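Step one of this worksheet: look at the structure below.
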Amino acid sequence: MSENTLSQRLHALQTQIPPHVRLVAVTKQVPVAVIRHAYALGLRDFGESRVQEAQAKAQALADLPDITWHLIGHLQTNKARPALHLFPWIHSVDSLPLAQKLDQLSQDLPRPPHLLLQVKLRPDPQKYGWTVPELCAALPALSQLHHVNIVGLMTILPLGLTASERQQVFSELPALGAQLQPHLPLREYSMGMSDDYPQALAAGATILRLGRCLFGERPKETDAIPPIQ
Ligand SMILES: *Cc1c(COP(=O)(O)O)cnc(C)c1O
């Protein structure tokens, strides 16, 4: 993709995104050279799905001091330690054992990480995340975790909804957060991807995670980690 295209896409998006909403540019499978260009255009928040891919990129971009990396993909408990080293934000906390592990490991960190709890607002066997009843059941244990900042909720919609259904489902996330606020100080709602961010904004998103509408289509997903350029 030409550099102009990225800058045009970003400017078009910025006219739609209110200033209080954080744009996380999702750079999975995006080469380091393109991330550098995105940085030069002013982006500072970058989202990655895999710890290993992100580590390689962070190393290649170590000369850019003020990047904030966001983990948006499923995290295995055995990768929690390297994940905490790289990501001050983890959007994909999807189980109590993972949350507890992150809390335990965060005792030694200079700053507590920002965690978001990934919620499945509709049943979806393909996705990780808490159902609402599961999350409610975990609340007492989650509110005992004092080395992490649980700041919000994240969701990914199931496929096949109309625009008005998407907005309806998204609006359940801030409503759920408000319900849980006596237990957890939730204020961030990470929702909205390239195909559904207008509905997420209308429903109260505070963080958008956008990949393809900035960087273009990704090559077909494989398990292989793409070369770092
Ligand atoms: C890939 C990914 C995104 C970005 O998706 P696009 O459709 O490219 O905008 C957002 N969130 C998560 C969890 C993802 O895995």
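Atoms within a ligand are numbered from 1 in the order they appear, just like the ligands themselves. Excluded from the calculations below are hydrogen atoms, water molecules and symmetry mates; all remaining heavy atoms, backbone and side chain alike, are included. Worth saying up front: this structure is predicted, and the values here are computed from it rather than measured. Residue numbers count from 1 along this sequence.
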Near Arg212 (heavy-atom distance under 4.0 Å), the atoms of ligand 1 are 6 (P), 7 (O), 8 (O), 9 (O)
Side chain to side chain contact (heavy atoms under 4.5 Å, CB included) with Ile72: of Arg50, Met193, His91, only one passes, and it is His91
Under 4.0 Å from one or more heavy atoms of Gly211, ligand 1 contributes atoms 4 (C), 6 (P), 8 (O), 9 (O)
Within the 4.0 Å heavy-atom cut-off, what Ile156 brings close to ligand 1 is side chain
(Q) Just to check, does Ser49 reach to within less than 4.0 Å of ligand 1 when the distance is taken from its heavy atoms? (A) yes
Mark the output for Ile72 as yes if a heavy-atom distance to ligand 1 is under 4.0 Å, and as no if none is. yes
| task | Decide yes or no on salt bridge (charged side-chain N to carboxylate O under 4.0 Å, His left out) for Asp94 and Lys127, but give the supporting numbers first. | result | CA-CA 10 Å; Asp94 54 18; Lys127 290 203 175 69; over 6 Å; no
Check your understanding: Would you say the side chains of Thr206 and Glu188 form a donor-acceptor pair under 3.5 Å?
Key -> yes
**OP:** Look only at the side chain of Gln16 and the backbone of Ala12, and say whether a donor-acceptor pair between them is shorter than 3.5 Å.
**Re:** yes
Rounded to the nearest 0.5 Å, the CG atom of Asn149 sits from the CZ atom of Arg111 at a distance of 12.0 Å
In ligand 1, the atoms that come under 4.0 Å of a heavy atom of Ser194 are 6 (P), 7 (O), 8 (O), 9 (O)
| message | As a quick check of understanding, evaluate salt bridge (charged side-chain N to carboxylate O under 4.0 Å, His left out) for Arg22 and Asp45, giving each step before the final call. | response | CA-CA 8 Å; Arg22 187 190 287 247; Asp45 291 280; 2.8 Å; yes
Checking heavy-atom distances from atom 14 (C) of ligand 1 to each of Lys28, Arg209, His91, the winner is Lys28
So the atoms of ligand 1 within less than 4.0 Å of a heavy atom of Leu210 turn out to be 9 (O)
